[in-house]
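The structure displayed is predicted, hence computed values, not measured ones. Chain naming here is simple, since letters A, B, ... match the order of the sequence lines and numbering starts at 1 in each.
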There are 2 protein chains.
Amino acid sequence: MKNSQLYKGSLNTIIMKLLEENGKMYGYEITQKVKAITQGELNITEGALYPALHKLEAEGLLDVEIEKVDNRMRKYYKLTESGEKETMNRLSELEDFIRNMQSLVNPKLEF
Amino acid sequence: MKNSQLYKGSLNTIIMKLLEENGKMYGYEITQKVKAITQGELNITEGALYPALHKLEAEGLLDVEIEKVDNRMRKYYKLTESGEKETMNRLSELEDFIRNMQSLVNPKLEF
DNA sequence: TTGTTATGTATAAGAATCTTATGTATGTTT
DNA sequence: AAACATACATAAGATTCTTATACATAACAA
């Protein structure tokens, strides 16, 4: 990641949401996609990404499929069935989190 | 904290924002305030709160003032000058963070 | 051709933040 | 008398991340 500590804990949710949207993606592709979407503000480091992917796979939330493209290895990840269900939960948690943070920071508004 | 990992990294920002708003607060009061604002969804644990307060104080962002109320000790914290400046930075980072997360999770909408 | 950048994955050491458990102490309610 | 609320504190361990390093291929620039 980059910058503030705020992103701590959100990497798994980001990965799963992107996979839900794009079907299958490989690690490097995820870093580039995130960088593009956030206009360069969020840079996922390999040291954070790969262990996270391996853990999600070990938990049965992701399936992996190795391909060779241009003589370079790619490991494509996609959500398992249980991964899709868990993605729904995580997104719901993220909505609650954002709502709560806005309530704390912006107490004048109603949410 | 409670629940999802998402809150990891946001505790300092929460503390500083509450202090900015309320002038001075003591630890237990902060936990109760957060619980009330989030309608019970976010429970800050003492094991997270007190070390965080001590660290912010050590960094010169908070000042402490001890009072005895009803024969019980209270440590009131308030922002220092540099703490107020830093609070502005953290709130700005939080806004960026929320905006980026919404872009990632809700790519259909414009932000 | 040699160095740098981009693509692509991986791990290990250490930092930072948190959970869980425990400890101390007083006041209030059951 | 026991449980709960108020009030602070720390220590052990878990989790997540940063930083650094490693390997490998391809493209591009000096």
Any protein N or O atoms within reach of nucleotides 10-12 of chain C? Criterion: under 3.5 Å, listing atom names and distances.
unit_1: C/dA10; atom_1: OP1; unit_2: A/Lys75; atom_2: NZ; d: 2.7
unit_1: C/dA10; atom_1: OP2; unit_2: A/His54; atom_2: NE2; d: 2.9
unit_1: C/dT11; atom_1: OP2; unit_2: A/His54; atom_2: ND1; d: 3.4

Contacting residues from residues 21-29 of chain A, given that a heavy atom lies under 4.0 angstrom of DNA chain D: none
Counting side-chain heavy atoms from CB outward, which of D/dT16, D/dT6, C/dT9 is closest to A/Lys8? D/dT16
Does D/dA26 have OP1 or OP2 under 4.0 Å away from a side-chain N or O of A/Asn71? yes
Measure from the side-chain N and O atoms of A/Ser92 to the backbone N and O of A/Met88, and report whether any donor-acceptor pair falls under 3.5 Å. no
Categorize B/Lys55 for me: base, sugar-phosphate, or nothing, with a 4.0 angstrom heavy-atom threshold over every strand shown. sugar-phosphate
Looking only at C/dT17, D/dA7, D/dT19, the nucleotide nearest the A/Thr45 side chain is D/dT19
Are OP1 or OP2 of D/dC17 and a side-chain N or O of A/Gln5 less than 4.0 angstrom apart? no
Note: B/Lys33-B/Glu29 ion pair, threshold 4.0 Å (strictly below): no
Output yes when a side-chain donor or acceptor of A/Thr13 lies under 3.5 Å from a complementary backbone atom of A/Arg90, and no otherwise. no
Could you state the CG-P distance from B/Asn43 to C/dC18, rounded to the nearest angstrom? 15 Å
Answer with base, sugar-phosphate or nothing: what part of the nucleic acid does B/Arg72 contact at a heavy-atom distance below 4.0 Å? base
Grab the CD1-P distance between B/Ile44 and D/dT6 for me, whole Å please. 15 Å
Would the distance check show the side chain of A/Asn12 and the main-chain N or O of A/Gly9 forming a donor-acceptor pair, the cut-off being under 3.5 Å? no
Quick one: does B/Ser103's side chain have a donor or acceptor within less than 3.5 Å of a partner on A/Ile37's backbone? no
Looking at A/Leu18, is its backbone amide N or carbonyl O close enough to the side chain of A/Asn22 to form a donor-acceptor pair, meaning the two atoms are under 3.5 Å apart? yes
To the nearest Å, give me how far apart CG (B/Asp70) and C1' (C/dT28) are. 11 Å
Atom CG of B/Leu11 to atom P of D/dT16: distance rounded to whole Å? 18 Å
